[in-house]
Amino acid sequence: MHQIANQGRRLARRFPVSMLVTLVGTSAIVNITVFEMMNYASTSREGVVMVKIFFAAFLAFPWVTCVALLTEKYHWSLGRRLLAQFGTAAVCSIYYFFPSGSPEDFRFFFFDLRLFALIAAGFLFLLTLPFDQHDPLRFWRYLASSVRASVLAFAFSVGLGIGLTISFFAVFYLFQIGGGFDEEWVMLVWQIVFGIVATWIFLANLPSPNEPPLVENLPRILQRFVTVIWIPIVVIFFAILYAYLGKILITHDWPNGGLVYWIFAFSMAGLLAFLASYESSSNTRWKQVFFRGFFVSIFPMLIAYAIAIGFRILPYGITVNRYFVVLGGVWLAVVVAYLLFSRSKKIQWISYMTIIFLLFSVFGPWSASSVSMFSQYNRLEDLLTKNKLLINGKIAPLTDGVVSYEDYNSIRTTLEYVILHRGVEKIQPWFEQDLSQNTTSLSLVNSKAFQILSLRYDEREPLGQSFYFNGTRSKNSSVANIQGFDFMFSDLRLEARDVFESYDSDFGTYQLKLGNGARIEIAQAAMDSKDPRSIAVIDLAPMISQLITEYGSEGGDVDPSDLIVNVENDAVKFRVIIQFLGGKKEKDAITLDHVTLTLLGAIK
């Protein structure tokens, strides 16, 4: 206990702000889970605030820790160290105000590759800048010590997480607490373990730049693993790639876009093998020869890489994902060229080059967001002009005639990309209507813009076209008018199993099933029969057909008022408020796979 207390005090002296950042970030993500446990939508404004705080803390952690190590390296006073760390945290907190948009669109924060580029750059700075040495082998030992800290943090946290999960499950099961131990409790346990325990163990085991590195060389078992397993697997990987390249040359069947991921992944496996054996390869001739040959073998693969991504960019333009694929290929070429032609082969330069590329992708007119938006905006403009939907800079809705299915689908997907990547202000001048009026949801703005175009296509709709309609993105989606009804069943999920599900109320037990096609049947238990007595059948097919006409064949986010169905007879009346539905349309037949709904009922 005395040793733990000493380590805790040392940790608090070295990384006080980093520890505070992890507490803030973990509190935010725990609050999101608590919102879900209380059936309080995480897409509410409070939920989005927590998401923003979490990502701001996630961004701040590596940068603040890097500054802490640098100020430790140069022996700054405690006051200056704290000022530098809090200043870095304040700069990173600007991200809280950066991702604009509505609560309904908070899911796009998770796909903000610019954020993850900044986080990755922060971790690379953390692992490189404080430990940079003129001697590349000494730097490698510091890097290995930092990796050791990561492995220890992960191993201890996984063990603790498993133990706590089993312990909580035993308590809930044996003492019959509440409704039992559900998945939200599991999430809370793991969020706290990885958010606080793992990060603090990592910080506690980070080497000091002013002390000797904790790792001098790879353990013997890892050296054997790299030599006997890792390097041969890399050889097999590239044998597969070259066999595929030979097939391309023989059959003239040019590669598709998926090839780039295999080339990049296999090349990274080889680069990591080089880094892992860097300390031993300096004294091993055959490893030097092997890795030199490996670096040479990557260049023909980069030609196939460029061709594969080119086949995606030329017809469809540049998106953020394709931008990073191109950037990854250029980065790989630069790194391999450096390792092939440089005599010193200082591995810290790999990290610095990576940081430059990452920051290049985030800031300026050459950034991922700027380049992709420019490309997709021009592509959308060309498509609309080609189909005479954009005349003299203004939208001319398609009142008669049709467009090809290919153009229909291209316009739909490109319009969605531009709007959902916050390009509404770029296309608003095309429209006389205010696309953002009465809504802040980018998804509903996209649906509104698509409806204005009034697109129709002349080719037969593909068989088995899947669709979904989601009415939960609007800020009013959680509000239901219950006036005139006696009972309510909320958040019912029905699946196409043709089996009744029972729900109890003060007015009796009702049974619902999603039958063949798009029909929901409501029944009550009969006194004189085992089979339930059907009291209402709701056919959703007409509503779905209208939604497909208005929102497109693949569906999307819709206004909640478009997902309400009323039905009544002499005995009862029902109102079905659908939150989400998904299914397929095959020719003229509509089939539902699942529906989530709220049912209101009244006895006459």
List in chain and number order the residues that pass ring-ring contact (aromatic ring centres under 6.0 Å, His included) with Trp286, two or more places apart in sequence or in another chain; answer none if no residue qualifies. none

Sequence neighbours excluded, which residues qualify as ring-ring contact (aromatic ring centres under 6.0 Å, His included) partners of Phe238?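 Result, ring-ring contact (aromatic ring centres under 6.0 Å, His included) vs Phe238: Phe294.
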
Sequence-distant partners of [X], salt bridge (Lys or Arg N to Asp or Glu O under 4.0 Å), two or more places apart:
X      : value
Lys73  : none
Arg322 : none
Glu416 : none

Can you see whether Ser370 engages Ser367 through a side-chain donor-acceptor pair at a distance of less than 3.5 angstrom?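 Checked: Ser370/Ser367 side chains pair up, N/O donor to acceptor below 3.5 Å.
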
Please tell me whether Thr319 and Gln376 have a donor and an acceptor in their side chains that are separated by less than 3.5 angstrom.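 Looking only at side-chain atoms, Gln376 and Thr319 do not form any donor-acceptor pair under 3.5 Å.
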
Among residues two or more places apart or on two chains, list those pairs meeting salt bridge (charged side-chain N to carboxylate O under 4.0 Å, His left out) that have a residue in residues 188-210.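 Every candidate salt bridge (charged side-chain N to carboxylate O under 4.0 Å, His left out) pair involving residues 188-210 fails, so no pair, neighbours aside, qualifies.
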
Contact list for residues 341-359, test salt bridge (charged side-chain N to carboxylate O under 4.0 Å, His left out), sequence neighbours left out: none

Counting the benzene-type ring for Trp, do Phe291 and Phe274 have ring centres under 6.0 Å apart? yes

Is Glu72 salt-bridged to Arg80, going by a charged N under 4.0 Å from an acidic O? no

If a pair satisfies side chain to side chain donor-acceptor pair (under 3.5 Å) and one of its residues is in residues 295-304, list it, with sequence neighbours excluded. none

According to side chain to side chain donor-acceptor pair (under 3.5 Å), does anything in residues 140-164 pair up with another residue at least two apart or in another chain? List the pairs. Arg138-Tyr142, Arg141-Glu216

For Tyr338, is the OH atom crowded, meaning more than 12 foreign heavy atoms sit under 6.0 Å from it?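 For Tyr338, atom OH is crowded (more than 12 foreign heavy atoms under 6.0 Å).
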
Measuring from Leu206:CG to Ile201:CD1, what's the distance to the nearest 0.5 Å?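 Answer for the CG-CD1 pair, Leu206 versus Ile201, is 12.5 Å.
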
Who passes side-chain contact (heavy atoms from CB on, under 4.5 Å) against Ser351, sequence neighbours left out? Leu124, Thr128, Ile355

Pairs meeting criterion ring pair (Phe, Tyr, Trp, His ring centres under 6.0 Å) with involvement of residues 196-237, two or more places apart: Phe237-Phe266

Contacts under 3.5 angstrom, residues 186-199 side chains, donor-acceptor by atom type, not counting sequence neighbours:
residue : atom : partner : partner atom : Å
Trp190  : NE1  : Thr165  : OG1          : 3.1
Gln191  : OE1  : Thr33   : OG1          : 2.9
Gln191  : NE2  : Thr33   : OG1          : 2.7
Thr199  : OG1  : Gly195  : O            : 2.9
Thr199  : OG1  : Ile196  : O            : 3.0

Fit a plane to each ring of Phe61 and Phe123, take the angle between them on a 0 to 90° scale, and name the class: parallel (under 30°), tilted (30 to 60°) or perpendicular (over 60°). tilted

How are the rings of Phe58 and Phe116 set to each other: parallel, tilted or perpendicular (split at 30° and 60°)? perpendicular

